Amino acid sequence: MTVVGHLTLALLGVACIFPIYWMYATSLRRPDDVYKSSVLPWPLSVGSYSTALDELNLARLLLNTTWVALLTAIGQLLTSVLAAYAFAVWNFRGKKLLYLAFVGTWLVPFQVTMLPNYVLLHDLGLLNSLSGVIVPNLVSALGVLMLRQHFDSFPKELLEAARMDGRSSWSTLWSVVVPNLRAPLAALSILLFVNAWNEYFWPAMVLQRGNLVLQLGISSFIHSTETEEWGPLTAAAGLATLPIFALYLALQRHVINGFVRSGLR
């Protein structure tokens, strides 16, 4: 059974990795060889990357997208820590009902809230700005749900010792709880960052110009080309995914530990 299990996982891994490999393989082919079905791209060519860099201001798009994803992830992480700590440690009337209502917002489709958010941003004058993309996404019900499990399992003896030592709830949170939950916080940070990085629909609604974030820039590049230039398109997509790959490879241990310790397999 062990061999069968490992073989199944290997096949699933290949099935997941192959589309990504094919994207980079296509981007490294010569323009005349883009539609060839050979597994190995040969001879290699970086012409598609040169075209993508000439057509798209990738440096600016990467900077804007990183800024949006970073601020969104930080905001969601901060609000998730505060809300999860309150739900896990404090006892107050209507706690269970409020928690269910809060988590229930996770089940509400985005299409239900996008119009009220759009109208609000219009009234605040935040349309067509990066702030308009960030502000409505500063709270994550998923983050609260994941962190509350860790806060519930946190040793109550340490919290009681902090109270007896005269620490306030605010001081206990940041000096006792957070330093001992670095792995799940790091894992959640990566997930929130990746989710914000991959967001397309909301920036497409808020930003009227397609050259502000990476996803819209690539979409505009697709529509601006008279022919299907799959080489430059795959090159742009490949460059767009490199920061996420680098981040995950550097911190993948925290992601795995965070899921395992939260009981999610």
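Small disclaimer: the values here were computed from a predicted structure and weren't measured.
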Student: Does the side chain of Thr172 come under 3.5 Å of the side chain of Arg163 through a donor N or O and an acceptor N or O?
Tutor: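 Checked: Thr172/Arg163 side chains show no N/O donor-acceptor pair below 3.5 Å.
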
Student: For the residue pair Val213 and Leu130, establish whether any side-chain heavy-atom pair is separated by less than 4.5 Å.
Tutor: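 They are in side-chain contact.
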
Student: Any side-chain heavy atom of Phe193 sitting closer than 4.5 Å to one from Thr72?
Tutor: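 Sidechains of Thr72 and Phe193: no contact.
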
Student: What is the ring orientation for Tyr99 with Phe87, classed by angle as parallel under 30°, tilted 30 to 60°, or perpendicular over 60°?
Tutor: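 Perpendicular.
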
Student: Same hydrophobic cluster for Leu124 and Leu207, using side-chain heavy-atom links shorter than 4.5 Å among ILVMFWY?
Tutor: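 In one cluster: yes.
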
Student: Could you verify whether a donor N or O on one side chain and an acceptor N or O on the other, from Tyr118 and Thr113, lie under 3.5 Å apart?
Tutor: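 No, because no side-chain N or O of Tyr118 sits under 3.5 Å from a partner of the opposite role on Thr113.
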
Student: Could you see if Leu98 belongs to whatever hydrophobic cluster contains Leu142? Use Ile, Leu, Val, Met, Phe, Trp, Tyr and a side-chain cutoff under 4.5 Å.
Tutor: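 Both belong to a single hydrophobic cluster.
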
Student: Determine yes or no for a side-chain-to-main-chain donor-acceptor pair under 3.5 angstrom, with Thr65 supplying the side chain and Leu62 the backbone.
Tutor: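 Not confirmed, Thr65 side chain does not pair with Leu62 backbone.
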
Student: When you group the ILVMFWY residues by side-chain heavy-atom contacts below 4.5 Å and let the links chain together, are Val68 and Phe110 in the same group?
Tutor: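 Both belong to a single hydrophobic cluster.
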
Student: Tell me whether Glu157 contacts the main-chain N or O of Glu160 through its side chain, where contact means a donor paired with an acceptor under 3.5 Å.
Tutor: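 No; judged by distance alone, with no hydrogens or angles, the pair does not exist.
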
Student: Test: ring-ring contact (aromatic ring centres under 6.0 Å, His included). Region: residues 40-81. Which pairs qualify, not counting sequence neighbours?
Tutor: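 Applying ring-ring contact (aromatic ring centres under 6.0 Å, His included) to every pair that reaches into residues 40-81, excluding sequence neighbours, yields nothing.
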
Student: Which residues satisfy the ring pair (Phe, Tyr, Trp, His ring centres under 6.0 Å) test with Phe92, sequence neighbours excluded?
Tutor: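 Checked Phe92 against ring pair (Phe, Tyr, Trp, His ring centres under 6.0 Å); zero matches.
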
Student: Excluding sequence neighbours, so at least two apart, what forms ring pair (Phe, Tyr, Trp, His ring centres under 6.0 Å) with Phe102?
Tutor: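 For Phe102, no residue satisfies ring pair (Phe, Tyr, Trp, His ring centres under 6.0 Å) once neighbours in sequence are set aside.
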
Student: Checking the side chain of Thr79 only, and the main-chain atoms of Leu138 only, is there a donor and an acceptor separated by less than 3.5 Å?
Tutor: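 Yes, Thr79 side chain to Leu138 backbone: donor-acceptor pair under 3.5 Å.
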
Student: Report the C-alpha distance between Leu77 and Leu188 in whole Å, list the side-chain angles of each, state the deciding distance to 0.1 Å, and finish with yes or no for side chain to side chain contact (heavy atoms under 4.5 Å, CB included).
Tutor: CA-CA 8 Å; Leu77 184 65; Leu188 180 60; 3.9 Å; yes

Student: Does the side chain of Trp90 come within less than 4.5 Å of Tyr85's, by heavy atoms?
Tutor: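 The answer is yes; the side chains approach within 4.5 Å.
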
Student: Backbone N or O of Ala161 within a donor-acceptor pair of the Asp165 side chain at under 3.5 Å?
Tutor: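 Pair absent, no side-chain N/O of Asp165 close to backbone of Ala161.
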
Student: Does the side chain of Val139 come within less than 4.5 Å of Gln76's, by heavy atoms?
Tutor: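 The answer is no, as the side chains (C-beta and beyond) never meet within the 4.5 Å cut-off.
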
